[in-house]
Protein chains: 2
Amino acid sequence: MTSKATSIDIAYKAGVSQSTVSRALRNSPLVNLETRQRIQAIAKELNYKVDKNASNLRTQNSLTLALLICEDPTNDDSMINPFFLSMLGSITRATARQGYDLLVSFQQLSSDWHADYEDSNKADGIILLGYGDYMDYAHKLETLIEKNTHFVIWGAEHNNKAVLSIGCDNHQGGVIATEHLLSLGHRHIAFLGDASGHSPEFRDRYLGHVDALSAAGVQADKQLQYHAINTEASGYEAAIALLDSGAQFEAIFTASDLIAIGAIRALKKRGVLVPEQVAVVGYDDIPVASFANPALTTVKQDTQFAGEILVESVLKLIRGQEVSQRLIKTSLVVRSSCGAKVDE
Amino acid sequence: MTSKATSIDIAYKAGVSQSTVSRALRNSPLVNLETRQRIQAIAKELNYKVDKNASNLRTQNSLTLALLICEDPTNDDSMINPFFLSMLGSITRATARQGYDLLVSFQQLSSDWHADYEDSNKADGIILLGYGDYMDYAHKLETLIEKNTHFVIWGAEHNNKAVLSIGCDNHQGGVIATEHLLSLGHRHIAFLGDASGHSPEFRDRYLGHVDALSAAGVQADKQLQYHAINTEASGYEAAIALLDSGAQFEAIFTASDLIAIGAIRALKKRGVLVPEQVAVVGYDDIPVASFANPALTTVKQDTQFAGEILVESVLKLIRGQEVSQRLIKTSLVVRSSCGAKVDE
DNA sequence: CTGAAAGCGCTTACAG
DNA sequence: CTGAAAGCGCTTACAG
């Protein structure tokens, strides 16, 4: 292996000073165009790449973003929330488009992640993707704020105004899902998901659901709300409990697709036809949703767009520009699980 | 924001030289234990973190790995191969366990990715996750080899011996899937997937399939092999073509779960019962597999283990240790789509 | 338009 | 056991 070329090697070959090489490679107009091109040609020929560590050290930035995915301790290690996986994809792409690199890390709630990345100059800013209950790590957020870390957090609006959050409008998502079921004539609509506030996103979906019912003159029935966390198994159990309660219902709105898929499995197990006897609407539009049987009608969170906004926002923070909370609108993807007519 | 503490600040506070601080923080036994602890305490108090750029520049390594996921141009942007997503999760974890950071990037075949990461000292080594046909970028691999980049590639064994590949034993996977179907009494088994060699992994699965048939005294029927790429839609089409051919078959083995899910959709559409009339076995055990209806019997690639081996291998390469090609055994996950008896 | 020089914050021989 | 010093490879004021 011939050792890597440095700017000094190029300077030598081009017969100029190392400073000029550095300027030329950054395409500085200070350098004579012809010299600039000659230097760039030599750099290319020697397969030269600027040493990131050296330039970062000098400029005190890293052109890198860190993505911390905070895992739900209630989930087992092996399975990551598919919704986050979509986000990961779009964030990766958005980051690259902005000329930044992306450091990815899964974090246990327990570990000492706060601030490490920016303090060690590994990243200029941090994007946090976390499960429901941000209260659990409020303390860690405090530390981040205290240290003036540039970070943005995905999810519900935060009560600490120093925290910039970007998220989809969960209330609105709950509204459109419920309005859709109402428009299909359903009046007894069950809700499967955590409505306790432990998971602010789920709670907002539930609140949207309740508000849409009220707006239609339907009183939400507390007996039709069953607790579920974001897993298929939990959705299954919640639906079984609902079924066992003997309550009357013609539709189910779930706080997530995973819950919906579990619920559908429970309904099938009990011989209940979906959507003929019970209509189901999920939330997230994860890839599985379209493969479910029947294909799941669901509230789509635009991960593509969300990833872009998230990246754009941290970058603004880093550059000291104005940024503000932002709620992204959701949309309904109508498939067959709700009983609406669609071409397959 | 109080500006970040440096080792000099700590030295000042501890009344020692900066060199001693540096040694103490790396826990060098050269430094008196008591002094060492005092320095570490001060560092903690000041929330000091070693500047990565400075230490990397000095030591000429980055303690960072890069994961390049090469996307299949035949797939649309939005959907990443779910199998890769699992791998991403396990690689991220394995990397962290080794004390390394992980840079993640999705790469278009077209772009100029080769070597950038290691040349610019952003990463010490590279893990490549790519779709089927590595021949398409053989040239880029050449460049990597030429530059003595430390990299390992996921997938089929490579004909260039300078390339280290780690992968699951696709031939064996094809064998166990087929043996299982044979054991259930099926003799006319269709194969859905690319068998052309354009995708070496799919071809090996096919070859395993053919060999298992031969071993059982069954002649593989070329009429029962239909081309499909790794998407649900392609699986659907292949199954429709198979159905339309009028050929007789009681089972289908597909080169991937996505194909299997598409095939099941096609079978249902045509009123064919799975598994009663046609048994289906997939490949990958992606998360969707267990939610499919019926739940998919499939060949599981142990992503957890694979991620660990992949990371371990690049690290060995980086350290100049001995490493060799490695084939990881697959296992069969029996669910209901094959008609075998299982408790649900 | 170009060059000499300082310095980013570390690590590590070298000397004691 | 500790310190003074060099140097990793850049970028960028400063001087011309």
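Naming convention: chains lettered A, B, ... in sequence-line order (proteins, then strands); numbering from 1 in each chain. Only heavy atoms go into these numbers, but all of them, side chains included; no hydrogens, no water, no symmetry mates. Please read these numbers as outputs of a predicted model, since none were measured by experiment.
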Heavy-atom neighbours of B:I8 CD1 exceed 12 at 6.0 Å:
no
Distance alone, cut at 3.5 Å: any donor-acceptor contact between the side chains of B:S7 and B:Q18?
yes
Please classify the nucleic acid contact of A:T6 as base, sugar-phosphate, or nothing, using heavy-atom distances under 4.0 Å.
sugar-phosphate
Sorted by position of nearest nucleotide on DNA chain C, 5' first, the leading residue of B:N53 and B:T20 is B:N53
Rounded to the nearest Å, what distance is computed from the CG atom of residue B:N61 to the P atom of nucleotide C:dT12?
9 Å
Is the shortest side-chain N/O distance from B:T35 to OP1 or OP2 of D:dT2 below 4.0 Å?
yes
B:L57 atom CG is separated from C:dG7 atom C1', nearest whole Å, by 12 Å
First locate atom CG of A:L30, then atom CZ of A:R36, and finally report the distance between them rounded to the nearest 0.5 Å.
8.5 Å
Between A:T149 (side chain) and A:F151 (backbone), is there a donor-acceptor pair under 3.5 Å?
no
Rounding to a whole Å, what distance do you find between A:R26:CZ and D:dG9:P?
18 Å
Phosphate OP1/OP2 of D:dC10: any A:T59 side-chain N/O under 4.0 Å:
no
Can you identify which nucleotide, out of C:dT11, C:dG3, D:dG9, has its nearest atom closest to the A:S19 side chain?
C:dG3
Which value, in whole Å, describes the distance between the P atoms of nucleotides D:dA6 and D:dT2?
23 Å
How many whole angstroms separate atom CZ of B:R58 from atom P of D:dC10?
16 Å
Between C:dC8 (C1') and B:K49 (NZ): distance, integer Å:
20 Å
Does B:R23 make a side-chain donor-acceptor contact with the base of D:dG3, cut-off 3.5 Å?
yes
Taking every heavy atom of B:A14 against every heavy atom of B:R38, the minimum-distance pair comes out as O-NH1, 2.8 Å
If you check every side-chain atom of B:N32, which of D:dT11, D:dT2, D:dA4 has the closest atom?
D:dT2
Specify the separation, in whole Å, of atom NZ of B:K52 and atom P of D:dG9.
18 Å
Strictly below 4.0 Å: does A:S7 bring a side-chain N or O up to OP1 or OP2 of D:dC10?
yes
Nearest-nucleotide 5' precedence on DNA chain D, B:A54 against B:P29:
B:P29
Using purine N1 to pyrimidine N3 plus N6-O4 or O6-N4 for Watson-Crick, or N1-O2 and O6-N3 for G-U wobble, both under 3.5 Å, which nucleotide pairs with D:dC14?
C:dG3
Is the closest side-chain donor-acceptor distance between A:N61 and A:D124 under 3.5 Å?
no
Candidate nucleotides D:dC10, D:dC8, C:dC1, ranked by approach to the side chain of B:Q60 - the nearest
D:dC8
Starting at CG of B:L30 and ending at C1' of C:dT11, how long is that distance when rounded to a whole Å?
13 Å
Picking from D:dA6, D:dG9, D:dG3, which would you name as closest to the side chain of B:S17?
D:dG3
Just the rounded figure in Å: distance from P of D:dG9 to CG of B:D51.
17 Å
